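Let me begin by presenting the structure, written as structure tokens, before commenting on it.
Being a predicted model, the structure only gives us computed values, none of them experimental.
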Amino acid sequence: MPSRLRPSFFVPVPCALIFALFILVQTHAQAAPVGTLPPAVRAELERANIPADAVAVWVQPVDAKQPTLALNAERPMNPASVMKVVTTFAAMETLGAERSWTTRIATTGTLREDGILMGNVYLVGDGDPVLTYERVWRMFRRLRSLGFSRIAGDIVLDRSALTLPAHDPFAFDGKGLRPYNSGPDGLLIHFNTQELMLLPGSRPQDAVKLVAEPPLAGMEIDNQIVTSGGNCEPWYRDLKASTGQKGQLVLTGSLPASCGSRVWATSPFAPPDYDILMVRALWWELGGTVLGQVKNGLTPADAQVLISDESMPLAEVVRTMNKWSSNVIARQLLAQVGRERFASAANAKTYADMVAAGNDVARRSLAEANIETSGLEIDNGSGLSRNARVRADTLGTLLIRAWQRPWMPDFIASLPVAGRDGTARRRLGDSPANGYAHLKTGTINDVKSIAGYVLDQTGHRYAVVMMINHPEAGSSQKAQDALIEWVWSGMPQAEPVFHEPSVMPWQLHRLKPSRR
């Protein structure tokens, strides 16, 4: 009889159910459940005494619509310098990867045959984020080559390209002479930085020799740095800079002899004062003289432009900014993002300055790209802020949107490669994931973050974000590296979810129905 031919354990299963169970098995086999940290990450966080509620994580394949892993992703957190990826996205989206800036030299009056200009020379800034001393030197050298030797009037520095809020370099951490605390400016020359080449002696207490570049006219340096013994890491640990009377730069501390020659940097003056001292020294070194002053001012409409110098394109600017996490470039770019909107009379009344306008433009550019902006506080765009906030899902979605943009190659190329260059060059030492992650890093007290892309060992790429806000955040690098290695390895399941024995689709009919 038919009933005798059918085994008692056989239960007919509809095809739709078979398909659904197959998808369920495959999904659990391939991905960790959303909200579950991989064991290695969880273990490193526990070693660092960091609770899970102080951590936000987002992992998503660049070609997927949903994250593979998300933890506290909707919680706004301080990202430190990872905020620069927001600034980068807004700048690329608003200004275009090909955008550049042009600095000009213009003159008024007439040039006599003996090389005397009966008028003024104007150095006109365009808010260029990467206007180096060498480029300014080249522009003035060209002016000398055109026959200008003596300026009867003034050299006027025009920094009116950017309308900016007041900036206090001491406000963040009290270390106002550190270059990372410099503010933006319409004529930002050499990142407002003086480089100091230090050469230690061969014995302890030997004087450390010093070469200052670029030269700043009239600035006196009181160099009290001496040679010390010991290892070289970190070589700058004992160095301190301060200002003495009448703008004197006082350098104290020690440099280990084992370090050899090193370059240290300070920002002893605000940009308007720094530029005056630098241009005065530069023109003198070129053999030029000025009977008037080197001063800040505006360029008249009838001034004749003689020399122009164009910057590298934005695609290269953001590479410089992100590889070495330049705060001053980030601040400069956020102001440039707001510059066009601020330019009209109506918008100039709406915003107090171009940084405020840049915040608004950046937020709108994200919203127009369908990126969540709730809880977003961009502040100055660099991440060097206690007020800055962003959600992990905002950063994760931003990375996905950037992947879909035509400027995607430039965006990714701007991010440090873990284990290879930039601020991530010392990450993942001998890990097999070394070289497989493009990551922006961010660190301030109580904050440690990463955001970028990880290529797994099978060739699939993921957007990865991890932010930690906790007093022990500085001890979380191993947890971040464990997350990168987990993604690189193909994301083995964080915890077993499907506890039935592994089966293939054609074996589903063998599963016994539940007795409950």
Side-chain angles (χ1 to χ4, degrees), residues 30-48 50 52 54-64 67-73 77 79-82 84-85 322-323 325 392-393 395-400 402-403 411-443 447-470 472-495:
Q30 295 177 11
V34 171
T36 303
L37 287 174
V41 177
R42 192 166 56 250
E44 292 297 346
L45 289 173
E46 290 173 355
R47 289 190 186 97
I50 298 173
V55 181
V57 177
W58 181 273
V59 176
Q60 179 175 333
V62 294
D63 55 356
T68 300
L69 174 60
L71 175 68
N72 300 324
M77 301 183 77
S81 283
V82 165
K84 291 183 178 72
V85 302
N322 287 331
K323 287 289 186 182
S325 204
D393 58 359
L395 289 172
T397 307
L398 182 151
L399 292 168
I400 299 297
W403 177 262
F411 183 88
I412 295 181
S414 77
L415 303 177
V417 181
R420 304 300 174 88
D421 67 10
T423 57
R425 65 192 182 281
R426 295 178 181 174
R427 304 290 290 259
L428 299 172
D430 57 357
S431 167
N434 182 305
Y436 283 80
H438 286 78
L439 298 170
K440 182 71 198 77
T441 61
T443 302
V447 178
K448 197 168 185 68
S449 303
I450 55 171
Y453 303 93
V454 177
L455 185 69
D456 77 8
Q457 59 183 336
T458 66
H460 294 90
R461 199 176 300 272
Y462 295 80
V464 176
V465 178
M466 187 173 186
M467 293 187 290
I468 299 168
N469 286 191
H470 189 268
E472 299 297 329
S475 303
S476 66
Q477 180 168 313
K478 290 184 178 180
Q480 293 180 353
D481 289 351
L483 179 67
I484 297 167
E485 291 177 335
W486 176 73
V487 175
W488 173 86
S489 66
M491 298 186 301
Q493 198 166 305
E495 289 182 353

Are any non-hydrogen side-chain atoms of Leu69 and Met491 less than 4.5 angstrom apart? no

I'd like to check Ile400 versus Trp403 (side-chain heavy atoms, cut-off strictly below 4.5 Å). Are they in contact? no

Taking the side chain as C-beta and beyond, is there a heavy-atom pair between Asn72 and Met77 under 4.5 Å? no

Nearest heavy-atom pair of Pro67 and Val34: which atoms, and what distance? O-CG2, 3.8 Å

For Tyr462, ring pair (Phe, Tyr, Trp, His ring centres under 6.0 Å) partners two or more places apart: none

Short side-chain to backbone donor-acceptor contact, Arg461 and Val62, under 3.5 Å: no

Step through the shown structure and confirm whether more than 12 heavy atoms of other residues, nucleotides or ligands are within 6.0 Å of OH on Tyr453. yes

List the residues meeting side chain to side chain donor-acceptor pair (under 3.5 Å) with Ser476, not counting sequence neighbours, and say none if there are none. none

In sequence, state the C-alpha distance, the side-chain angles, and the governing distance for Lys440 and Ser325, and then conclude on side-chain hydrogen bond (donor to acceptor under 3.5 Å, both in side chains). CA-CA 8 Å; Lys440 182 71 198 77; Ser325 204; 3.1 Å; yes

Flag side-chain contact, heavy atom, 4.5 Å: Lys478 against Arg47: no

Look up atom CD in Glu44 and atom CG in Leu483, then write down how far apart they are to the nearest 0.5 Å. 12.0 Å

Heavy atoms of Ala424 and Thr441 approach each other most closely as CB-CG2, 4.3 Å

Distance-minimising heavy-atom pair for Thr423 and Pro416: OG1-CG, 3.6 Å

Are any non-hydrogen side-chain atoms of Val464 and Trp488 less than 4.5 angstrom apart? no

Quick one: does Ile450's side chain get under 4.5 Å of Ile484's, heavy atoms only? yes

Does Asp421 have any salt bridge (Lys or Arg N to Asp or Glu O under 4.0 Å) partners at least two apart in sequence or in another chain, and if so, which? Lys323

Distance check, rounded to the nearest 0.5 Å: Gln477 atom CD versus Leu428 atom CG? 8.0 Å

Side chain to side chain donor-acceptor pair (under 3.5 Å) with Gln60: which residues, sequence neighbours excluded? Trp58

Is Asn469 reaching over with its side chain to a backbone N or O of Val447, donor-acceptor style, under 3.5 angstrom? no

Heavy-atom side-chain contact between Thr68 and Val487 under 4.5 Å: no

Drop me the distance from Leu398's CG to Asp393's CG, to the nearest 0.5 angstrom. 11.5 Å

Kindly determine whether Leu45 and Ile468 satisfy side chain to side chain contact (heavy atoms under 4.5 Å, CB included), including the steps that lead there. CA-CA 10 Å; Leu45 289 173; Ile468 299 168; 4.2 Å; yes

Looking at every heavy atom in both Ala52 and Leu71, which two are closest together, and how far apart are they? O-CD2, 4.2 Å

State which residues pass salt bridge (Lys or Arg N to Asp or Glu O under 4.0 Å) with Asp456; sequence neighbours excluded, sorted by chain then number. none

State which residues pass salt bridge (Lys or Arg N to Asp or Glu O under 4.0 Å) with Arg420; sequence neighbours excluded, sorted by chain then number. none

Looking only at atom types and distance, does a side-chain atom of Gln480 sit under 3.5 Å from a main-chain N or O of Lys448, one as donor and one as acceptor? yes

Taking atom CD of Glu46 and atom CG of Leu37, what is their separation to the nearest 0.5 Å? 10.0 Å

Looking at Ala48 and Ser475, what are the two nearest heavy atoms and their distance? CB-O, 3.6 Å

Are any of the side-chain heavy atoms of Val85 and Leu415 separated by less than 4.5 Å? yes

